Amino acid sequence: QVQLVESGGGSVQSGGSLRLSCVASGDIDSRNCMGWFRWAPGKTRKGVAIIDGSGRVNYEDSVEGRFTISRDNAKNTLHLQMNDLKPEDTAMYYCAAGVKCAKADVLYFFGGSVYWGQGTQVTVSS
């Protein structure tokens, strides 16, 4: 089992920044792929950024250049630095961990179970 606990959400104005964090515990290590997904009302859950066990990163096209995903393997912590936030970034953001991950039309996990955190709300006002 894997436990994921997010923090760092909040409310900001358009153009502002937030930094999300996710602390992982349990049966997880630096080989796992981790990522951030978001779910806005009326929309499907969508991958925002992923980082695999080799440190390779991929981003959803709309956040490329504005968001940066990183991980601190010594602390089992995943971060998402979000800059130049836009109202369309408003959503519940979820930390996720799995075996492997990739980007096709969307970001996705494969190869085993996927674990999810409880989510943290990000609200961007215009």
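Computed from a prediction, not measured in an experiment: that's the story for all the values here. One-based numbering along the sequence shown.
Between Gly35 and Phe109 the shortest heavy-atom distance is N-CZ, 3.9 Å. The two residues Pro87 and Ser14 have their closest heavy-atom pair at CD-OG, 3.9 Å. Considering every non-hydrogen atom in both Leu85 and Leu18, the closest pair reads CD1-N, 3.8 Å. For Ala24 against Leu4, the heavy-atom pair with the smallest separation is CB-CD2, 3.6 Å.
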Walk me through it: do Gln13 and Ser125 pass the test side-chain contact (heavy atoms from CB on, under 4.5 Å)?
CA-CA 5 Å; Gln13 290 191 326; Ser125 58; 3.8 Å; yes
Before you tell me yes or no, could you show the steps for Cys95 and Trp36 under side-chain contact (heavy atoms from CB on, under 4.5 Å), namely the whole-Å CA-CA distance, both residues' side-chain angles and the distance that decides it to 0.1 Å?
CA-CA 5 Å; Cys95 175; Trp36 292 96; 4.0 Å; yes
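Although no hydrogens or angles enter the test, the distance criterion places a donor-acceptor pair under 3.5 Å between the side chain of Glu6 and the main chain of Gln118. Here the side chain of Gln81 pairs no donor or acceptor atom with the backbone of Thr68 at under 3.5 angstrom.
Remark: Trp116 engages Phe37, Arg45, Tyr94, Ala96, Val114 in a side-chain contact (heavy atoms from CB on, under 4.5 Å) (not counting sequence neighbours).
Rounded to the nearest 0.5 Å, atoms NE2 (His79) and CZ (Phe67) are 16.0 Å apart. Rounding to the nearest 0.5 Å places NZ of Lys46 at 15.0 Å from CH2 of Trp39. Asp52 CG to Met34 CE: the interatomic distance, rounded to the nearest 0.5 Å, is 12.5 Å. Atom CD1 of Ile69 is separated from atom CD1 of Ile51 by 5.5 Å, given to the nearest 0.5 angstrom. Within the model, atoms CG of Asn83 and OG of Ser17 stand 3.5 Å from one another, a figure rounded to the nearest 0.5 Å. Between Ser21 atom OG and Leu78 atom CG the span is 8.5 Å, to the nearest 0.5 Å.
Side-chain atoms of Asp61 and Lys103, non-hydrogen and from C-beta on, do get closer than 4.5 Å to each other. The closest side-chain heavy-atom distance from Met82 to Val12 is not below 4.5 Å.
The only option from Val122, Val48, Thr90, Leu80 that meets the side-chain contact (heavy atoms from CB on, under 4.5 Å) definition with Arg38 turns out to be Val48.
Tyr59 is connected to Leu20 through a chain of hydrophobic side-chain contacts under 4.5 Å among Ile, Leu, Val, Met, Phe, Trp and Tyr, so both are in one cluster. Under the 4.5 Å side-chain heavy-atom criterion for ILVMFWY residues, a single connected hydrophobic cluster contains both Ile28 and Tyr115.
Heavy-atom contacts from other residues, nucleotides or ligands closer than 6.0 Å to CG of Asp84 number more than 12.
For the residue pair Arg56/Asn58, the side-chain donor-acceptor check at 3.5 Å is not satisfied.
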